Each structure stands twice: as structure tokens, then as C-alpha cells.
Amino acid sequence: MTTATSAPTTVGRFTATSDAFATFADARHFIGGAWRDPISSKATLEVHNPRFGKAMARVHLGGADDVDAAVKAGTAAQHEWGEWPIRDRAHVLYRLRELMVKNIDELSWLVSHENGKIFSEARAEVEKGIECVEYGCSLPNIAAGNQLEVSRGVACEVVYAPLGVVAGVTPFNFPLMVPLWMLPQALVGGNAFVMKASERVPLSTMRLAEMLKEAGLPAGVFNLVQGGREVVEALCDHPQVKAFGFVGSTKVAKSVYGRASMAGKRALCLGGAKNHLFVVPDADVQVTAENVVASFTGCAGQRCMAASVLLAIGDVDHILKAVRDRAAKMVAGKDMGPVTTQAARERINGYIDAAEKAGARIVLDGRKASAEAGGYWVGPTIIDGCTADMPAAREEIFGPVLSVVRVPTLEKAFEIENANPYASSVYTTSGDVARRVMARVEAGMCGVNIGVPVPREPFGFGGWNDSCFGAGNITGWDGYRFWTRQRKITSKWALQRDQNWMS
Ligand code: NAD
């Protein structure tokens, strides 16, 4: 590994305390406990603050040689780390938690600036990240294996052993929380980690790397490699990477799942979603309007579980009016942030244009949203009268857009939802309707009167069908199982007290 570097020894704090534009240190690799420039790649990319559409930092994009350097650093550190008692490993997370709590505003502003979400949303993201760290802190109390005397004098024992060096790749929409879906379980499980954050939002994970170091994590146990597709593919292919976690769009999740699996590693790859909301006439108007609007406009609609299609069952015009009235009051810049890039803005507007052209009605139009300071804005948008086969009703738009599909009956709504491989929620005051919907939908994460039905710790996060390639959930106990392997030890200490086939 080359050591010649212009990388600083620390990235320093993010000093912004408002939305006002601020710059941050360039994103570099964090390998073996130090900041490093890429070995051979000279490519860089601007990290834009989407609120201004202006670069707040640059990211130095790495390649396969940097992945190899990070894996080597992980390999060198992992053995000793894996021998630390689990409680001592968890204590590093206790200290990380303290640092995150102490610096919660700094982290929230950093998330807000690099991603664009408003401060309160960014703070909620950091709080949820802290909750994930707390789950990791609790593992010593719940991760005991099993032991049983299976025959006279013969005991079988199961222990959770580290895999070695493992890797994770994360999306742009939750720069801090999604990395923390993976890290606590993987680290407490005794692994070394190589992470590749989204090249659009690499800054929050840099602060995380520094906090982990300050919390006492030995050098090389956590490594960051900056980059894009080339780095991801190198992680999939690297023979010393034993497990591969991914969160991002369905297309990429499916392809990297195949690639990592073909390379012989265990993989769990979470993809996109398109949350279908069943709204029936008996739904509470206020609860529904508040929830639906918060769900489709929150984080500018850039949440995998954001409300996306509203299945309006029967006569629910009074509810749709309340949804529209409430959404119309949302002020871009204050109540909601921008979308991630100009390309995303154009893609989202393209879906709205196409639906309008195909005969749907734009009852709330966010296409003209803008701000004096620039940035990538789309206001809340409601498209009524979509048909189930329109792209706006089938594909993940990933913006503040609600596509309304009108259906006469619950049965027809099931037909549409079941043909769509993603999440689901129902709005009703009837227990019977709620139970029927929950029993019939083809979705792994479902809500009753909840717009963003995401399980919180200790429950595992993970969808079904095209939202998840691989088995299990990425958070909670499933996460611990994913990042560890079970060693089965059969032992006998007494001298032949009994003869049987195990003797
Ligand atoms: P993305 O798939 O474009 O990128 C995710 C990661 O993959 C990034 O780190 C990126 O650098 C890398 N990548 C991009 N293209 C690649 C390629 N061709 N080959 C290999 N790697 C590649 O996703 P995004 O735009 O950053 O994030 C938004 C998507 O993530 C949405 O679809 C959203 O639904 C999904 N998401 C899903 C969950 C979930 O839990 N299922 C959570 C958050 C986000």
C-alpha cells in the first residue's frame, strides 16, 4: 500500500448550525485508522448540498486496489478484535453512543447538508442511528449460544463466531442511519468492516469513522473506501470479504446479490420499494391525511417506505380532499427539503408529465417548485386517476409524489397490490378490514394507520420480493445472525462413561 498522501490526519468537526451553505473536508478513504488518498485513481466527484445545488466537498473515488488495501488492513486487525470478549467489543459501541449523543446536532446538520433533508428529519435519522447502536450494545445480553448434553458425558455447544472481514454498501437517502443498520451487529460479532457509503453522501460516515476511533475501536477494524460501482464490484469479488450487505435500488441490489453470491460469499441485498396505501371509506380523515402526507412528503419522498400509491377504495373523496389540503400547505425549504440531484428532479418531473399526458389529473403540482438560492426542488404532488399500469403507479419515483389509483372494491385493490412486489399499509377504523389486508398483501413490511411502516429495534428491517435478495432482515437479531456464523462444538471430557455412536 502506498503511504504517500495529502490526506489530513483528521477531518475535523462540521461547524454549521443552520441551513446556511457550509463546506466540509474532502471525502477520502479511512484505512487502518488513518485518512488516505486513493492509491492510483485520480477521479473525484463533487458532493453537492442539494438545497443550493453547490459543491460542499469533493469525494476522491477509489478502485479495486484501495479495496484490497482496506481488506488487508481489516484482515490484520480482525483476529485480535475477534478475540476481545463480546462485552468489551460492545463497550466500544457504548462510547460511540455517548459521542453521538454529545454531538447529535453536529451530526444532524451534516446529514441535513449533504442529503438535503430538513434538520428535524436529519435529527430523527441520527436518533434512529443511535437506537441501532443501542441494539449493538445489548448484544452481550442476548447473544449467548446454546449448550446441551446430547448423550451421557457428551455436550453440544453452539457459539456465534466472526466471519472475518465483511463489507457493506449504502444508499444516499440515509447517510448515517443505514450504515448503522449494519455496523453494530457486525462489529460486536467480532468482524472487521469495509464500508462504501454512497458517493453522493460520503461525509456523515467520515465523522462516524472518527467517532469509532475516538471510542476506542482498534485501527483497521472499521475501514471506509470511497467510490462508486468499481469499488462495489471489487468488494463483491474480493476473496477475503466473507459477507456482503447492500442497501439501495432494486436493480443494483439484484445484480450485486448475484455477483457476491457467485463469488461464494453470503449476501443480503435490500432493494427499493413502492408502498401501496389502502384507504377505505371508514378511515379516520385526520389520522389518514396527516399520515399519508407525512409519508409521501417526508425526506422529499426519498424513503424506501414512503407512501407512493394510494389505492382509493370506494368513495373516499372526503379523505383525498383532506390529504390534498394538508399537502398543499407544505412549504418547500421549511417543511420539506430538496431532492438529491438535478437528474432526480428531472426524473421525478418526467413521471408526472407522463402521467398527465396519459390522462391522469395533477391535483397538486410540485413541478414548478424552486428557491432563490438554487437547489433541486420538487413540491408535493398528487396525481389522481392513475391506472395501475402507468409508470407513476408501478415504478419507484423516489420523490414527493402520490399516485392515486381508484378501485371499486377491496378485492380489486388486492389484485393491484399483489401484482406489485413491495410494501403495504392500510387506513381504516375497522379491525376486520385491517386483518384482511394484513393477511392478503404480498409485502414484508406492513402498516395499519402508519404511513412509513418500518419496524424499530429490536425488530428486524427487511422487505419481501423485489425489496430483498437474500434471506432474513438486516437489523435486529437477524442482522447478528447474518454477520456471524455458528460454530458447533461437540465435546466429551469423561473417560468413556458410555459407549455410543459418538464415541
Ligand atoms: P443506488 O442503488 O443507486 O446506490 C446504492 C449504492 O450502490 C451506492 O453506494 C452506489 O454507489 C452503489 N451503486 C450504484 N450503482 C451501482 C452499480 N451499477 N453497481 C454497483 N454499485 C452501484 O441507490 P440510491 O439512489 O443511492 O438510493 C435509493 C434507493 O435505495 C431507492 O431505490 C430506495 O428505495 C433504496 N433504499 C432501500 C432501503 C431498504 O431498506 N430496502 C433503504 C434505503 C434506500
Side-chain angles (χ1 to χ4, degrees), residues 27 43 45 47 50 59 61-64 67 114-117 125 128-129 132 167-182 194-202 204-205 224-237 244-260 263 267-275 298-308 339-341 343-344 347-348 395-399 421-423 443-445 452-456 459-470 472-476 478-479:
L45 197 70
V47 178
V59 53
L61 304 167
V67 167
E114 70 170 334
N115 170 276
K117 61 184 74 175
E125 168 173 352
K128 181 67 192 359
C132 296
V169 174
T170 55
F172 83 86
N173 62 331
F174 284 94
L176 193 78
M177 181 188 78
V178 173
L180 289 170
W181 282 0
M182 304 184 192
V194 180
M195 173 153 285
K196 192 211 83 71
S198 166
E199 61 276 41
R200 260 181 265 159
V201 294
S204 302
T205 35
L224 259 180
V225 179
Q226 309 292 356
R229 178 177 184 161
E230 193 184 333
V231 169
V232 178
E233 292 182 348
L235 288 169
C236 290
D237 297 345
F244 178 81
F246 175 92
V247 179
S249 59
T250 291
K251 187 168 159 246
V252 180
K254 193 171 182 177
S255 120
V256 294
Y257 176 76
R259 189 161 181 145
L268 181 58
C269 301
L270 271 57
K274 192 153 181 84
N275 193 359
C299 298
Q302 300 173 123
R303 290 188 284 199
C304 59
M305 296 292 282
S308 192
V339 298
T340 177
T341 56
R347 191 197 65 238
I348 296 162
E395 295 165 16
E396 188 179 35
I397 299 176
F398 226 53
Y422 299 116
M445 292 197 278
V452 184
V454 289
R456 290 178 66 159
F459 297 100
F461 188 108
W464 290 359
N465 303 316
D466 284 358
S467 288
C468 185
F469 302 91
N473 300 302
I474 201 147
T475 63
D478 277 7

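Just so you know, ligand 1 is whichever comes first in the structure, and atom 1 is the first atom listed for that ligand. Only a predicted model underlies this, so the values are computations on that prediction, with no experimental measurement involved. Computed from heavy atoms alone, side chains included, the values below leave out hydrogens, waters and symmetry copies.
In terms of protein heavy-atom proximity, atom 7 (O) of ligand 1 is nearest to F246 CE1, 3.3 Å. What sits closest to atom 42 (C) of ligand 1 on the protein, heavy atoms only, is V247 CG1, 3.2 Å. Given atom 19 (N) of ligand 1, the protein heavy atom at minimum distance is R229 CG, 3.4 Å. When hydrogens are left out, the protein atom nearest atom 12 (C) of ligand 1 is V232 CG2, 4.1 Å; that is the closest non-hydrogen contact. The protein non-hydrogen atom at the shortest distance from atom 24 (P) of ligand 1 is F172 CD2, 3.6 Å. Closest to atom 16 (C) of ligand 1, if we only count protein heavy atoms, is V252 CG1, 3.6 Å. Nearest protein heavy-atom contact of atom 37 (C) of ligand 1 is G271 O, 3.1 Å. From the protein, the heavy atom lying nearest to atom 30 (O) of ligand 1 is G248 C, 3.0 Å.
Residue-to-ligand polar distances place S249 within reach of ligand 1: an N/O pair is separated by less than 3.5 Å. Of the N or O atoms in N173, none lie within a sub-3.5 Å distance of an N or O in ligand 1. Looking at ligand 1, you won't find any N or O of V169 less than 3.5 Å from one of its N or O atoms.
Between the E125 side chain and the M177 main chain, a donor and an acceptor come within less than 3.5 Å of each other. A donor-acceptor distance shorter than 3.5 angstrom exists from the side chain of S467 to the backbone of G272, with no hydrogens or angles considered. Of the possible donor and acceptor atoms, one in the side chain of E114 sits under 3.5 Å from a partner among the backbone N and O of S204. When atom types are taken as modelled, the side chain of N473 and the backbone of D478 share no donor-acceptor pair closer than 3.5 angstrom. At distances below 3.5 Å, not a single donor-acceptor pair connects side-chain atoms of E396 with backbone N or O atoms of K274.
The atoms of ligand 1 that sit less than 4.0 Å from any heavy atom of S198 are 9 (O). Below 4.0 Å from some heavy atom of G272 lie the following atoms of ligand 1, by number and element: 32 (O), 34 (O). Those atoms of ligand 1 that come under 4.0 Å of a heavy atom in F461, given as number and element, are 39 (C), 40 (O). In the vicinity of R200, heavy-atom distances shorter than 4.0 Å reach the ligand 1 atoms 25 (O).
Aromatic ring orientation, F398 versus F172: perpendicular (interplanar angle above 60°, classes split at 30° and 60°).
Neither the backbone nor the side chain of K251 has any atom closer than 4.0 Å to an atom of ligand 1 (non-hydrogen atoms only). The side chain of E199, and not its backbone, has at least one atom closer than 4.0 Å to an atom of ligand 1 (non-hydrogen atoms only; side chain from C-beta on). Under 4.0 Å from ligand 1, the heavy atoms of T170 that appear belong solely to its backbone. No part of R303 comes within 4.0 Å of ligand 1, judged by heavy-atom distances. Counting heavy atoms under 4.0 Å from ligand 1, residue F398 touches it through the side chain alone.
Under the rule for a ring-ring contact (aromatic ring centres under 6.0 Å, His included), the partners of F461 that lie at least two apart in sequence or sit in another chain are W181. Not counting sequence neighbours, the partners of R229 by the salt bridge (Lys or Arg N to Asp or Glu O under 4.0 Å) test are E233.
Between the CZ atom in R259 and the CG atom in L235 there is a gap of 10.5 Å [rounded to 0.5 Å]. Atom CG of L270 is separated from atom CZ of F246 by 9.5 Å, given to the nearest 0.5 angstrom. In this structure, T205 OG1 and Q226 CD are separated by 6.0 Å, a value rounded to the nearest 0.5 Å. Interatomic distance, T250 OG1 to D466 CG, rounded to the nearest 0.5 Å: 5.5 Å.
Closest heavy-atom approach to atom 31 (C) of ligand 1 among the candidates Q302, E396, Q226: E396.
Not a single heavy atom of G463 sits closer than 4.0 Å to an atom of ligand 1.
Contact annotation for atom 40 (O) of ligand 1: protein present (non-hydrogen atoms, distance under 4.0 Å).
For K254, the NZ atom is loosely surrounded, since the number of other residues' heavy atoms within 6.0 Å does not exceed 12.
Under a cutoff of 6.0 Å and an axis angle of 45°, K117 and F174 form a cation-pi pair.
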